[in-house]
Amino acid sequence: MVTDASIPAGSATDDPELADCPGAFPRIRVAVFPAAGLGTRMLPASKAIPKEMLTVVDRPVIQYGVEEAATSGIERVVLVTASGKESIEDHFDASRDLEALLEAKGNHAGLAAVRRVASLVTVAAVRQPRALGLGHAVLLAEPLVGREPFAVFLPDDIMDGGSDPVMAQLTRVHARHGCSVIAVERVPDQETPRYGILDVTPVRDGLHRVREMVEKPAPGTAPSNLAIMGRYVLTPSVFEALRSTKAGAGGEIQLTDGIRALLKTEPVLALEYVGRRYDCGSRIGFLRANVELALADPETSVATKEMLQDALRRAM
Ligand code: UTP
């Protein structure tokens with residue numbers, strides 16, 4: 001849990017660049033998980049199984065994000081799902097028959113694992129009737145979020161922040177300054193055309209004030225190499241901004257366009273988080289997550305190392 005002690009000392013006014021930030025905000029309690037996309041990059045695996053439910057080591061991709069939310073102090077998760085993706089909700093629900101069976105068989109480890117998933121956070125869900133974009137998905141969560149700042153997790157990004165979850169790093173900045181915060185990472189110049197890229201004014205220690213945002217800039221035109229990754233803290237004004245956002249790239253309502261509109265009326269910050277990101281929406285990122293997280297898990301580490309050494313020997 002995030003405690004007041006974990007909020008850095010000082011106030012927004014220490015930084016002239018942030019003088020117009022509203023200042024301290026108590027705590028982020030609710031997170032939106034948009035999970036209604038088509039997952040075309042992961043076909044055919046994602047044809048009948050949502051990509052968010054594909055297994056990394058021993059749990060579905062989306063569970064990593066929900067665990068990160070819970071350890072960052074978030075109490076309530078709003079899932080944005082779609083037809084055919086009911087298994088996501090089921091995964092975070094109690095499973096009476098399975099629990100009774102595991103109990104009868106004396107499978108205490110299995111029972112604890114099943115119960116733990118259902119007790120991480122309170123879950124509510126809303127359906128996106130058509131995949132009209134990430135911004136549209138976030139807007140659909142408005143009635144369940146209400147008028148408070150909230151977190152957004154793109155569930156196919158697994159973020160390993162070690163002992164300091166990436167969302168906790170963002171919510172600390174929000175607790176201090178009270179404005180929206182976007183997670184960013186520096187990417188090599190040749191990779192900027194794959195991401196939303198920020199034009200910023202640096203504030204201090206990896207914290208920046210966002211000046212402009214460009215979605216997938218043409219090679220050589222990016223204003224920086226700070227790329228937007230899958231974690232955000234947003235003020236509720238983003239809902240108004242999204243409501244007046246027209247469909248952009250790919251005929252979808254983009255979250256980036258909503259945040260660009262927000263920039264006209266309030267400050268938006270970007271934080272270079274400390275941690276490692278796995279893009280589980282792409283094949284190689286998904287594979288890398290499985291390998292690296294299995295290596296990091298004491299239960300699977302030794303066997304994974306042996307397996308990799310053997311596989312490499314045979315591939316040479
Ligand atoms: P992505 O662009 O990574 O997901 O969106 P996608 O569209 O499912 O993937 P591809 O490109 O076809 O493989 C990031 C997150 O936003 C959600 C997705 O489910 C994913 O978790 N999303 C995207 C929605 O909820 N609704 C949408 O209309 C689009």
Side-chain angles (χ1 to χ4, degrees), residues 17 34 37 39-43 51-52 54 56-57 61 64-65 68 133-135 152-170 173 180-233 248-250 252 254-260 263 268-296 304 308 311-312 315:
E17 196 49 52
T40 53
R41 283 170 298 155
M42 292 300 277
L43 285 170
K51 67 171 173 178
E52 297 82 3
L54 296 175
V56 170
V57 187
V61 170
Y64 288 88
E68 181 192 333
L134 176 58
V152 175
F153 286 71
L154 302 199
D156 43 9
D157 275 344
I158 292 181
M159 297 288 202
D160 183 0
S163 59
D164 191 11
V166 171
M167 183 50 74
Q169 298 174 37
L170 262 61
V173 173
S180 297
V181 192
I182 307 173
V184 292
E185 186 180 308
R186 288 195 186 273
V187 297
D189 290 344
Q190 67 275 18
E191 286 183 22
T192 53
R194 288 175 39 204
Y195 294 96
I197 301 291
L198 301 184
D199 185 6
V200 299
T201 305
V203 177
R204 67 179 137 77
D205 307 332
L207 184 65
H208 307 265
R209 178 158 181 163
V210 181
R211 295 280 158 209
E212 228 341 320
M213 323 174 51
V214 204
E215 193 57 46
K216 302 188 173 61
T221 66
S224 76
N225 60 354
L226 288 173
I228 302 175
M229 299 302 174
R231 300 288 184 270
Y232 310 75
V233 171
E252 297 186 345
Q254 303 290 348
L255 182 59
T256 310
D257 289 338
I259 301 174
R260 283 184 76 212
L263 272 176
V268 175
L269 307 181
L271 180 71
E272 287 181 65
Y273 59 85
V274 179
R276 186 146 174 75
R277 165 191 177 250
Y278 300 100
D279 173 13
C280 294
S282 75
R283 289 175 192 197
I284 205 71
F286 179 78
L287 198 59
R288 181 182 278 280
N290 268 290
V291 171
E292 290 194 18
L293 294 172
L295 284 170
T304 307
L308 287 172
L312 284 173

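This chain uses plain numbering: 1 for the first residue, then up along the sequence.
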Evaluate the side-chain proximity of [Y] to [X]: yes if any heavy-atom separation is below 4.5 Å, no if none is.
{"X": "Arg288", "Y": "Val291", "value": "no"}
{"X": "Leu308", "Y": "Leu295", "value": "yes"}
{"X": "Leu134", "Y": "Glu252", "value": "no"}
{"X": "Ile259", "Y": "Ile182", "value": "yes"}
{"X": "Asp279", "Y": "Asp157", "value": "yes"}
{"X": "Asn290", "Y": "Val57", "value": "yes"}
{"X": "Val152", "Y": "Pro34", "value": "yes"}

If we ignore hydrogens and angles and just use 3.5 Å, is the side chain of [X] paired with the main-chain N or O of [Y] as donor and acceptor?
{"X": "Arg283", "Y": "Leu43", "value": "yes"}
{"X": "Arg186", "Y": "Glu272", "value": "no"}
{"X": "Asp199", "Y": "Met213", "value": "no"}
{"X": "Asn225", "Y": "Val187", "value": "yes"}
{"X": "Arg209", "Y": "Glu17", "value": "yes"}

With side-chain contact (heavy atoms from CB on, under 4.5 Å) as the test, would you mind laying out the steps for Leu207 and Val173 before giving the verdict? CA-CA 9 Å; Leu207 184 65; Val173 173; 3.7 Å; yes
Is there a side-chain contact (heavy atoms from CB on, under 4.5 Å) between Phe153 and Arg231 once you walk through the steps? CA-CA 5 Å; Phe153 286 71; Arg231 300 288 184 270; 3.2 Å; yes
So which atom in [X] and which in [Y] form the shortest heavy-atom distance, rounded to 0.1 Å?
{"X": "Ala218", "Y": "Thr221", "answer": "O-OG1, 2.6 Å"}
{"X": "Thr192", "Y": "Ser224", "answer": "CG2-O, 3.8 Å"}
{"X": "Met167", "Y": "Val233", "answer": "SD-CG2, 3.9 Å"}
{"X": "Val61", "Y": "Asp156", "answer": "CG1-CA, 3.9 Å"}
{"X": "Pro202", "Y": "His208", "answer": "CA-ND1, 3.5 Å"}
{"X": "Asp160", "Y": "Tyr278", "answer": "CB-CE1, 4.3 Å"}

Test Val184 against Val200 for side-chain contact (heavy atoms from CB on, under 4.5 Å), laying out the working first. CA-CA 11 Å; Val184 292; Val200 299; over 6 Å; no
What do the steps show when you test Glu215 against Arg260 for side-chain contact (heavy atoms from CB on, under 4.5 Å), and what is the final call? CA-CA 10 Å; Glu215 193 57 46; Arg260 283 184 76 212; over 6 Å; no
Run through Met159, Arg276, Arg277 and flag the one making a side-chain contact (heavy atoms from CB on, under 4.5 Å) with Glu185.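 Going through the options one by one, the only one that passes is Arg277.
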How many angstroms lie between atom CD1 of Ile284 and atom CZ of Arg41, to the nearest 0.5 angstrom?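 Here the rounded value is 13.5 Å.
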Could you tell me the separation between the CG atom of Asp164 and the OH atom of Tyr273, rounded to the nearest 0.5 Å?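 Taking CG in Asp164 and OH in Tyr273, the distance rounds to 13.5 Å.
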For Phe286, check ring-ring contact (aromatic ring centres under 6.0 Å, His included) against everything at least two apart and list the hits.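 None.
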